[in-house]
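Notes follow the structure.
Just so we're clear, the structure is a prediction, and the values are computed from it rather than from any experiment.
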Amino acid sequence: MLHLHNTLSRKKEPFTPLVAGKVSMYVCGITIYDLCHVGHARLLVAFDVLFRHLQASDYDVTYVRNITDIDDKIINRAAENGESINDLTERYIDAMHEDEASLLLLSPTHEPRATDTIGRMHSLIKTLIDKGMAYPADNGDVYYAVSSFPDYGKLSGRKLDDLRAGERVAVDNNKRDPLDFVLWKASKADEPAWDSDWGPGRPGWHIECSAMAIELLGEEIDIHGGGADLQFPHHENEIAQSEAATGKQFARYWMHNGLVQVDDEKMSKSLHNFFTVREVLKSYSGEELRYFLMSGHYRSPLNYSASQLDNARASLRRLYTALRGVGADASRSVSREHVERFQAAMDDDLNTPVALSVLFELATEVNREGGAESKRGLKLANTLLQLGARLGILQGDADAVLQGSVDESGLDAAKIEALIQERVDARANKDWARSDEIRDELTADGVILEDKDGKTSWRRG
RNA sequence: GGCUGAAUGGCAGAGUGGCUAUGCACCGGAUUGCAAAUCCGUUUACCUCGGUUCGACUCCGGGUUCAGCCUCCA
């Protein structure tokens, strides 16, 4: 049975969805004003793994991951660039979709944009005002009154008094309480605006997610996810708004992925220590990056470094090496024992490191069988392939993956094959000098030869 | 200062009250014309101080260090 760590209780809990067999899941996606970095990639991969695992466990999953396409940063960036907000967001949404494809992500069921859900935001805010939990201020903004929600702080384990004591923000006279947050922002002259009962304006960040989640998944959802840095205040505020408006528990399981760090410090735009996905893709494949992001538990911090990516590459190489010559065939039998251990690891709050260790054991056993030629070898290799699919890896053709690295050398496959043939002839004549000379040449170009059973295969190192 | 969480072998990274994680690297052996790949084997751990226990890396308490959040953030 699946157990998930719930931030609400800070414990692993057995997972039971609201409606048997169905799961509704909302993940806070990206505020789109720049290219995705590795931190974003981790979020995307972590919840893609959850999505896949739920589906593999026979749940009918509705996965919503939003795009925040209206926000101060977006407005500012568009102004800096001298382009329209729409041009900016379209451009980066396209780029994000490309990055997602590189990371081998499944598409979420819905990918709503904040600007398409303004109506629901408006009605939610109205409800909150009617209930006395929100108030319009003199400056045209509408604020949420945190003190009106007794459970405020239940997700992040904070108390209002502690928060006030640690308050570092300058007091805003429009707010009744410095911790009140904005639901609706009055627009300045040249800013985008939507009409509302409180004058032209735009929604606050927090209400956007509540609205998109409720719009597509209803007032009660099973799983709500996001980065650990969103726990407070974003998710706390989502709970406050949603539960105050509907009177129901908004999300039953809250999940947070750990942050990617660089030199033991959070990777983020404000710290200027981030690497974009496409920068990484210049040197590593999307699958390698994906593997790296799954190599630790999703809740732990993950330190980004080139040597970690190298490690991911070496690990994938080992797994692919065991899969050479094995084509996908879902009808073949699998090793039940391995599948069960894999499933148990994933059921234990998505323990991907242990799940991956099952794949390595399979690879070792395939190799021990002498490859996928034998019946048992084929069964094991097939199991490896199928379990890889559950994690969204190992689905490429093994030879093609091993032979075509991102970092292309000057040699094309035909040239390599020709040199190999020349070497085969030399070896037949026991001309070891010429044979080694050819191999050294290829090695210098990043091509590694393997002689096995009288045949020579190659890969890029 | 408050609230979370973490400290494991050369590196990365799981886990368990007593028994091999796993990957990379290293060392020895097999295989190979020599390599590579592969297989077999060995070596290297559990921040610190106390406590509980027949027995703790694993539970409890103190300490130290680190990270995240408390401001936009995946």
Side-chain angles (χ1 to χ4, degrees), chain A residues 7 10 27-31 33 36-47 65 68 71-73 76 153 155-159 161-170 179 205 225-234 236 256-261 264-271 274 291-292 295-297 299-303 305 307-308 310-319 321-322 324 345 348 351-361 363-371 402 427 430-433 435-436 439-440 443 447-452 456-459 461:
Chain A
T7 308
R10 297 180 196 288
V27 171
C28 288
I30 290 161
T31 300
Y33 64 97
C36 292
H37 64 235
V38 176
H40 298 123
R42 184 167 199 204
L43 167 90
L44 296 170
V45 169
F47 287 99
R65 189 183 62 224
T68 297
D71 169 270
D72 285 354
K73 295 206 169 189
N76 294 341
L155 178 71
S156 54
R158 282 152 219 257
K159 297 184 181 68
D161 288 342
D162 292 341
L163 285 165
R164 290 194 185 103
E167 191 62 54
R168 287 195 256 157
V169 185
L179 294 175
W205 178 39
D229 51 350
L230 297 190
Q231 220 168 292
F232 188 90
H234 183 53
E236 199 69 72
H256 293 95
N257 65 278
L259 303 181
V260 176
Q261 307 183 334
D264 293 319
E265 193 173 40
K266 173 183 174 177
M267 178 185 288
S268 75
K269 288 184 185 163
S270 36
L271 292 171
F274 63 91
Y291 181 97
F292 160 63
S295 64
H297 185 91
R299 281 192 287 114
S300 305
L302 187 63
N303 212 44
S305 71
S307 69
Q308 290 270 64
D310 289 339
N311 212 320
R313 170 171 291 175
S315 299
L316 277 172
R317 183 184 298 152
R318 176 165 172 81
L319 295 174
T321 298
R324 282 194 285 196
D348 182 17
N351 194 334
T352 49
V354 170
L356 286 168
S357 78
V358 175
L359 303 199
F360 285 105
E361 287 175 36
T364 298
E365 292 198 40
V366 169
N367 292 332
R368 203 180 281 157
E369 291 291 325
L402 293 168
R427 294 183 75 217
K430 296 200 191 299
D431 182 356
W432 308 128
S435 166
D436 290 350
R439 189 170 62 197
D440 290 346
T443 303
V447 175
I448 293 164
L449 300 187
E450 295 173 16
D451 298 325
K452 199 186 162 208
T456 299
S457 55
W458 64 277
R459 62 182 170 86

[X] side chain near [N] phosphate (N/O to OP1/OP2, under 4.0 Å):
X	N	answer
A:Asn367	B:rC39	yes
A:Arg164	B:rC70	no
A:Arg439	B:rA37	no
A:Arg459	B:rA37	yes
A:Lys266	B:rC69	yes
A:Ser300	B:rA14	yes
A:Arg318	B:rU38	yes
A:Asn351	B:rG15	yes
A:Thr31	B:rA74	yes

Say we look at [N] and [M]: how far apart would their [atom1] atoms be, to the nearest angstrom?
N	M	atom1	value
B:rC46	B:rC34	C1'	42 Å
B:rG51	B:rU58	C1'	15 Å
B:rC72	B:rC59	P	36 Å
B:rC47	B:rC57	P	9 Å
B:rA21	B:rG1	P	39 Å
B:rA6	B:rA30	C1'	43 Å
B:rG29	B:rG18	P	36 Å
B:rC3	B:rU8	C1'	27 Å

Write down the partner of [N] under the Watson-Crick or G-U wobble criteria, each distance required to be under 3.5 Å.
N	result
B:rU52	none
B:rA35	none
B:rC3	B:rG68
B:rC46	none
B:rG23	B:rC11

Can you figure out which of [options] approaches the side chain of [X] most closely?
X	options	result
A:Asn311	B:rC24, B:rA74, B:rA14	B:rC24
A:Thr364	B:rA74, B:rA37, B:rG23	B:rG23
A:His297	B:rA14, B:rG68, B:rC70	B:rA14

Categorize [X] for me: base, sugar-phosphate, or nothing, with a 4.0 angstrom heavy-atom threshold over every strand shown.
X	answer
A:Gly157	sugar-phosphate
A:Ser156	sugar-phosphate
A:Leu356	nothing
A:Gly258	base
A:Val358	nothing
A:Arg368	sugar-phosphate
A:Arg324	sugar-phosphate

message: Checking the side chain of A:Asn311 only, and the main-chain atoms of A:Ser307 only, is there a donor and an acceptor separated by less than 3.5 Å?
response: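 Here the side-chain-to-backbone pair does not exist.
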
Verdict with supporting geometry, A:Asp310 and A:Arg313, salt bridge (Lys or Arg N to Asp or Glu O under 4.0 Å): CA-CA 5 Å; A:Asp310 289 339; A:Arg313 170 171 291 175; 5.2 Å; no

Rounded to the Å, how far apart are [X] [atom1] and [N] [atom2]?
X	N	atom1	atom2	result
A:Glu361	B:rC40	CD	P	12 Å
A:Arg299	B:rG15	CZ	C1'	14 Å
A:Asp348	B:rG13	CG	C1'	15 Å
A:Arg42	B:rG13	CZ	P	9 Å
A:Leu179	B:rC3	CG	P	16 Å

message: Using 30° and 60° as the class boundaries, would you call the ring planes of A:His37 and A:Phe274 parallel, tilted or perpendicular?
response: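 Ring orientation of A:His37 relative to A:Phe274: tilted.
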
Ion pair check, A:Asp161 and A:Arg164, cut-off under 4.0 Å: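 The answer is yes: the pair qualifies as a salt bridge.
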
query: For the side chain of A:Arg427 and the base of B:rG33, is some donor closer than 3.5 Å to an acceptor across the two?
result: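 By the distance-only test, yes, there is a pair.
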
field: Any donor-acceptor N/O pair under 3.5 Å between B:rG33 base and A:Ser435 side chain
entry: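 Indeed there is one.
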
- prompt: Between A:Leu259 and A:Met267, is a side-chain contact (heavy atoms from CB on, under 4.5 Å) present by the stated rule, with each step listed?
  reply: CA-CA 7 Å; A:Leu259 303 181; A:Met267 178 185 288; over 6 Å; no

query: Start at the 5' end of RNA chain B and walk down; is the nucleotide closest to A:Gln231 or to A:Glu365 reached first?
result: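 The residue mapped nearer the 5' terminus is A:Gln231.
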
task: Specify the residue among A:Phe232 and A:Asp451 whose closest nucleotide of RNA chain B lies further upstream toward the 5′ end.
output: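 Whichever sits nearer the 5' end wins; that is A:Asp451.
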
task: Could you give me the CA-CA distance, side-chain angles and deciding distance for A:Arg299 and A:Thr7, then say whether side-chain contact (heavy atoms from CB on, under 4.5 Å) is met?
output: CA-CA 11 Å; A:Arg299 281 192 287 114; A:Thr7 308; over 6 Å; no

- prompt: Hey, does the Lys NZ or Arg CZ of A:Arg158 hover above the aromatic six-ring of A:Phe232, less than 6.0 Å from the centre and inside 45° of the axis?
  reply: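 Relative to the ring axis of A:Phe232, which defines the angle, A:Arg158 lies inside both limits.
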
query: Taking side chain as C-beta onward, heavy atoms only, is A:Arg439 less than 4.5 Å from A:Asp436?
result: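 Touching, per the 4.5 Å side-chain cut-off.
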
